[in-house]
Participant: 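Mind having a look at this structure? Questions to follow.
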Amino acid sequence: MKMWDGRFSKGTDALMEAFNNSLPFDMALIEEDICGSVAWANALEKAGVFGAAERERVVSGLKSILDDHRNGRIEFLNSDEDIHMAVERLLVERVGEAGERLHTGRSRNDQVITDTRLYAKKALSAVAGSLVELQRAVVGRAKSDLGVIAPGYTHLQQAQPILLSHYWMSLFSILEREKSRVAHAAASADILPLGSGAIAGSGFPVDRGAIAAELGFSSVSANSIDMVASRDFILESLSAFASVGIHLSRYAEDLIIWSSKEFAFVELDDAWSTGSSMMPQKKNPDSLELIRGKSGRLIGNYVRMATTLKGLGLAYFKDLQEDKEPLFDSVRNIEMVINVFARVIETLTIRKDKIRQDLDPFLLATDMADYLVRKGMPFRQAHKAIGRLVGYCVEADVKLTDVPLEKLREFSEMFGDDVSTLYSWEQAVNARTIAGGTGTDSVRAQIEMAEKLLNNDRF
Ligand code: ARG
């Protein structure tokens, strides 16, 4: 027996029933579904559809279902098509005819998207909180590593010396933008669908503003067709999660390389590494590899949703039932990805000596070109002169900083005694105190600004 089978002359094929059934995954919406129904029952009473006693029976019936769910006492049936039908069946079993009146003026089309929006709002706010926690870990790392000078890489080739803290703070900046992407998705989700009905709007004059206030939505939808058809807030959420995944995967990649024996710049804490079943010596950075790996899943979930929507007319089609699994999956995984990454960097050991030892004097080549520019040489000529000097060093196997002044002067007459002032990592770094640069003062300013932002954060 189905709630909708009045016009059917035979039952659904068992395979079709299994195919159609969304309960195994949409049962995750049970709390939202019950909250939405309580608000709907209240609205029906105010609209004169329910008497006070009926509303009372329905609301207490719904609350008893919620209690039983929380105590693990709910039994679903194979014939429950989805969470909405399951809750309604349980309600009718408990409160009889009053339960049969609950769906008045409502469709599963506006019901499901109300539930999903409630779920998304909660999930996005949790993700935003986790991003703030990660930012705190990043700032903590930047503060404790202040003073560590590391090779900065472009093309994975040593480029210029940087403060390691400057590297960490780059993540802070990215996370600021991730937070605004998440906030944008949350704002898109924050619209009440109930009252939209199946497509045309409810035929009963419910007070939608009151329902929105009760459920915590900031506004009510302006167009019922849009509301039952649109899943843009899911796309935006999945896109924001994919973005976080992509960026953390890039940092994970760096740290995986830095934790190799060849680099040995960092060592992961044992608690965030795993061993090999065969090679006893192995300590693998699986936490970071999974973070990198899960970015594929997060991107995939975005693509699943975008592909489902593409070419889908308006308004509701059953295709839209495919929106929930990617959303739930990404929410579950993004939380783990963010939290694990935060713990990994908090517990990381920085191998300062190895980092220092690997600083190659060629990292100062740009500073030497800048030196010639300050003496009056056009930059292009300075670049060429230092390029030749580097070529000579490679050929003769001498360090850039060991070339005697007379030799330097063969590359440019402008070299003087004062060139040796360039030969310090600290000076190279602190030559870049420009806003946003790697100089100690600039990085301190970034940290200060970050701490201010974190103190103002709502989380
Ligand atoms: N389980 C469905 C979904 O997730 C609920 C909406 C069903 N609506 C309908 N018209 N069949 O999309």
Side-chain angles (χ1 to χ4, degrees), residues 1-8 11-13 15-37 39-40 62 65 69 74 76-92 102-123 189 191-203 215 221 223-235 237-238 301 304-332:
M1 265 272 288
K2 299 268 186 296
M3 291 181 190
W4 41 252
D5 67 0
R7 60 101 70 215
F8 288 77
T12 320
D13 188 279
L15 179 57
M16 175 58 197
E17 197 157 271
F19 192 49
N20 193 34
N21 194 310
S22 56
L23 191 62
F25 51 87
D26 67 17
M27 63 169 74
L29 295 175
I30 186 164
E31 303 227 353
E32 287 77 8
D33 197 71
I34 291 173
C35 285
S37 286
W40 188 244
L62 287 166
I65 298 171
H69 156 68
I74 288 286
F76 292 116
L77 303 178
N78 284 341
S79 54
D80 290 330
E81 189 177 312
D82 56 26
I83 189 60
H84 325 292
M85 294 301 214
V87 170
E88 195 174 325
R89 173 189 57 81
L90 288 162
L91 182 68
V92 173
L102 175 64
H103 211 52
T104 308
R106 183 176 73 168
S107 158
R108 271 186 298 159
N109 296 355
D110 58 353
Q111 187 180 0
V112 67
I113 202 58
T114 301
D115 297 359
T116 312
R117 282 172 181 271
L118 286 171
Y119 170 91
K121 280 178 61 177
K122 201 159 124 202
I191 305 170
L192 174 81
L194 274 183
S196 299
I199 176 168
S202 178
L215 292 177
S221 58
N223 182 297
S224 58
I225 300 176
D226 166 46
M227 239 335 79
V228 293
S230 299
R231 296 296 184 269
D232 50 353
F233 73 97
I234 300 183
L235 261 188
S237 306
L238 294 176
N301 284 336
R304 276 165 84 179
M305 190 68 236
T307 312
T308 298
L309 292 176
K310 183 199 163 296
L312 193 68
L314 280 79
Y316 182 85
F317 289 90
K318 203 54 170 278
D319 310 46
L320 292 175
Q321 183 165 282
E322 291 293 312
D323 64 354
K324 280 169 277 300
E325 284 170 292
L327 178 64
F328 298 165
D329 185 69
S330 281
V331 165
R332 187 160 30 85

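Just so it is clear, the values below take in all heavy atoms, side chains as well, and ignore hydrogens, waters and symmetry mates. First listed ligand is number 1; within each ligand, the first listed atom is number 1.
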Participant: Identify the protein heavy atom lying closest to atom 11 (N) of ligand 1, giving its residue, its atom name and the separation to 0.1 Å.
Facilitator: Arg108 NH2, 3.5 Å
Participant: List ligand 1 atoms under 4.0 Å from Lys324, heavy atoms only on the residue side.
Facilitator: 3 (C), 4 (O), 12 (O)
Participant: Does any N/O atom on Asn109 come nearer than 3.5 Å to any N/O atom on ligand 1?
Facilitator: yes
Participant: Looking at Ser22, which atoms of ligand 1 are within less than 4.0 Å of one of its heavy atoms?
Facilitator: 1 (N)
Participant: Going by side chain to side chain contact (heavy atoms under 4.5 Å, CB included), Asp80 matches just one of Glu88, Arg89, Met85. Which one?
Facilitator: Arg89
Participant: Just heavy atoms, cut-off under 4.0 Å: does Gln111 contact ligand 1 by side chain, backbone, both, or neither?
Facilitator: neither
Participant: Who pairs with Arg108 by salt bridge (Lys or Arg N to Asp or Glu O under 4.0 Å), at least two apart in sequence or on another chain?
Facilitator: Glu81, Asp82
Participant: So, Ser230 side chain and Asp232 main chain: donor-acceptor pair closer than 3.5 Å or not?
Facilitator: no
Participant: Please report the shortest heavy-atom distance between Ala86 and Leu23, naming the atom on each side.
Facilitator: CB-CD1, 4.2 Å
Participant: I'd like to check which ligand 1 atoms, numbered from 1 as shown, lie under 4.0 Å from a non-hydrogen atom of Gln321.
Facilitator: 1 (N), 2 (C), 3 (C), 4 (O), 12 (O)
Participant: Taking 4.0 angstrom as the limit and counting only heavy atoms of Asp82, give me the atoms of ligand 1 inside it, by number and element.
Facilitator: 1 (N), 2 (C), 5 (C)
Participant: Report the member of Tyr316, Phe25, Phe317 with the shortest heavy-atom distance to atom 7 (C) of ligand 1.
Facilitator: Tyr316
Participant: Quiz question: by atom type and distance under 3.5 Å, do the side chains of Thr308 and Asp319 form a donor-acceptor pair?
Facilitator: no
Participant: Taking NZ, NE, NH1 and NH2 as the nitrogens, is one of them in Lys324 or Asp26 under 4.0 Å from a carboxylate oxygen of the other?
Facilitator: no
